[in-house]
S.K.: 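Take a look at the following structure, please.
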Amino acid sequence: MIDSVSQPPLARRGLLFILSSPSGAGKSTIARMLLEADEQICLSVSVTTRPPRPGEIDGVHYHFIDETEFHRLVDDHEMMEWAKVFGHYYGTPKAQVKQGLRDGQDFLFDIDWQGTQQLYQRAEGDVVRVFILPPSLDELHRRLRSRNTDSEEVIAGRMARAQDEISHWDGYDFVVINDNVESCFTKVQQILNSERMRRARQTGLIDYVRDLMNPSDE
Ligand code: ADP
Ligand code: 5GP
């Protein structure tokens, strides 16, 4: 039913919504759910020098590029942030994000703590940082194996790095434990929706409130 007194949505600035976690804690799962459920947010597609995993599509999950191209992007200052993770380079190209933010587009980032620090330094006011923790290290190990995408050697490397990654929990605005995937997802959605309502992000508010206070000006 159309409500005759309802207003069009107020203009607002987009935000950079960062999800980080030790590998295997579930950030890709939560990210996928968020992208399916929410039309106002899109994935910031990173570039990486890592080879694609089965099922990964170039341009959708990552832009898969070689090291020469990666270093060119860094040297030409076309990267918003970048890091070397598990022996491969990962980074966020600037171009896609800048205009989108002004148009009210939100971007989801699945990046590690190093990229989070760089994004925060560059765009503090636009960034919302969420860290996802596993319920236990045993469960983290189980999830990494259940994903069926990595060899035992790669899984051992990810487990060895997990505690180092967890130690960066205090560089985030929000921390959510992914015990149950549905409740974790709900909490992440609540964070996103609250952050959208911050006064500083609602760029249409000034005109809206002016009209409320001076109805005769219309
Ligand atoms: P990450 O992106 O953090 O590396 P994934 O999202 O790929 O982690 O999750 C790792 C594995 O754990 C996947 O197989 C996923 O289906 C599973 N998983 C994610 N969240 C939960 C949960 N709350 N309970 C059980 N399994 C989960
Ligand atoms: P994966 O190879 O499992 O897709 O990602 C490995 C790690 O790299 C994850 O911790 C992921 O968050 C991180 N990562 C993915 N893209 C980027 C990026 O653009 N920048 C940074 N800094 N980290 C990234």
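Whatever order the structure lists them in is the order used to number ligands and atoms, beginning at 1. The figures that follow rest on heavy atoms only: side chains count, while hydrogens, waters and symmetry mates do not.
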S.K.: Relative to ligand 2, is Gln118 under 4.0 angstrom through side chain, backbone, both or neither, heavy atoms considered?
M.R.: neither
S.K.: Any nitrogen or oxygen of Arg53 lying under 3.5 Å from a nitrogen or oxygen in ligand 2? Just yes or no.
M.R.: yes
S.K.: At under 4.0 Å between heavy atoms, which part of Asp179 makes contact with ligand 1: side chain, backbone, both or neither?
M.R.: backbone
S.K.: Without hydrogens or angle criteria, can the side chains of Tyr172 and Thr116 be said to hold a donor-acceptor pair below 3.5 Å?
M.R.: yes
S.K.: Is the shortest N/O to N/O distance between Glu139 and ligand 1 below 3.5 Å?
M.R.: no
S.K.: Indicate whether any N or O donor in one side chain lies under 3.5 Å from an N or O acceptor in the other, for Arg12 and Gln40.
M.R.: yes
S.K.: Non-hydrogen atoms of Lys27 versus ligand 2: any pair closer than 4.0 Å?
M.R.: yes
S.K.: Select the closest option to atom 7 (C) of ligand 2 among Val154, Val85, Ile18, judged by heavy-atom distance.
M.R.: Val85
S.K.: Suppose we measure from atom 23 (N) of ligand 1 to each protein heavy atom; which comes out shortest, and what is that distance?
M.R.: Asn178 OD1, 2.8 Å
S.K.: Tell me: protein heavy atom nearest atom 8 (O) of ligand 1, and distance?
M.R.: Gly26 N, 3.2 Å
S.K.: Please work out, at 4.0 Å between heavy atoms, whether the side chain, the backbone, both, or neither of Gln114 comes within that distance of ligand 2.
M.R.: neither
S.K.: Do Leu15 and Asp126 come within less than 4.5 Å of each other through their side chains, counting heavy atoms only?
M.R.: no
S.K.: Going by the atom numbers of ligand 2, which of them fall below 4.0 Å from some non-hydrogen atom of Arg158?
M.R.: 3 (O)
S.K.: Would you say ligand 2 has an N or O under 3.5 Å from any N or O of Gly91?
M.R.: yes
S.K.: Looking only at non-hydrogen atoms, which of Ser23, Ala25, Ser44, Ser46 approaches atom 19 (O) of ligand 2 most closely?
M.R.: Ser46
S.K.: Step through it carefully: locate the ring centre of Tyr62, locate the ring centre of Tyr90, and say whether they are under 6.0 Å apart.
M.R.: yes
S.K.: Any idea which protein heavy atom is nearest atom 1 (P) of ligand 1, and the distance to it?
M.R.: Gly24 N, 3.4 Å
S.K.: For Gln96 and Ser44: C-alpha separation, side-chain torsions, deciding distance, then whether side-chain hydrogen bond (donor to acceptor under 3.5 Å, both in side chains) applies.
M.R.: CA-CA 8 Å; Gln96 60 195 5; Ser44 164; 3.2 Å; yes
S.K.: With respect to atom 13 (C) of ligand 1, which of Arg147, Met33, Glu165, Arg142 exhibits the smallest heavy-atom separation?
M.R.: Arg147
S.K.: Based purely on interatomic distance, does Asp112 place a nitrogen or oxygen under 3.5 Å from a nitrogen or oxygen of ligand 2?
M.R.: yes
S.K.: For ligand 2, is Tyr62 a contact, meaning one of its heavy atoms is under 4.0 Å away?
M.R.: yes
S.K.: Below 4.5 Å, heavy atoms only, C-beta onward: do Ser23 and Arg147 meet side chain to side chain?
M.R.: yes
S.K.: Based purely on interatomic distance, does Ser21 place a nitrogen or oxygen under 3.5 Å from a nitrogen or oxygen of ligand 2?
M.R.: no
S.K.: Which bit of Ser21 is near ligand 1, meaning a heavy atom under 4.0 Å away: side chain, backbone, both or neither?
M.R.: side chain
S.K.: Looking only at distances, can you tell me whether any N or O atom of Glu56, backbone or side chain, sits closer than 3.5 Å to an N or O atom of ligand 2?
M.R.: no
S.K.: Determine, using heavy atoms of Arg50 and all atoms of ligand 2, whether some pair is separated by less than 4.0 Å.
M.R.: yes
S.K.: Does the separation of the ring centres of His71 and Tyr89 fall below 6.0 angstrom?
M.R.: yes
S.K.: Does at least one non-hydrogen atom of Asp110 fall below 4.0 angstrom from an atom of ligand 1?
M.R.: no
S.K.: Can Asp112 and Gln114 be counted as having a side-chain donor-acceptor contact under 3.5 angstrom?
M.R.: yes
S.K.: Give the atoms of ligand 2, by number and element, whose distance to some non-hydrogen atom of Ala83 is under 4.0 Å.
M.R.: 22 (N)
S.K.: Distance alone, cut at 3.5 Å: any donor-acceptor contact between the side chains of Arg102 and Gln99?
M.R.: yes
S.K.: Do Thr92 and Glu81 have side-chain atoms, one donor and one acceptor, less than 3.5 Å apart?
M.R.: yes
S.K.: Just need the protein heavy atom nearest to atom 14 (O) of ligand 1, so name the residue and atom and give the distance.
M.R.: Ser146 OG, 3.5 Å
S.K.: Is it the case that over 12 heavy atoms from other parts of the model lie below 6.0 angstrom from the CZ atom of Arg198?
M.R.: no
S.K.: Name the closest protein heavy atom to atom 26 (N) of ligand 1, giving the residue it belongs to and the distance to 0.1 Å.
M.R.: Arg143 NE, 3.5 Å
S.K.: For Tyr90 and ligand 2, does the shortest N/O to N/O distance drop below 3.5 Å?
M.R.: yes
S.K.: Considering heavy atoms of the protein only, find what lies nearest to atom 2 (O) of ligand 1 and give residue, atom and distance to 0.1 Å.
M.R.: Ser28 OG, 2.5 Å
S.K.: Please state which protein non-hydrogen atom is closest to atom 16 (O) of ligand 1 and give its distance, to 0.1 Å?
M.R.: Thr29 OG1, 4.0 Å
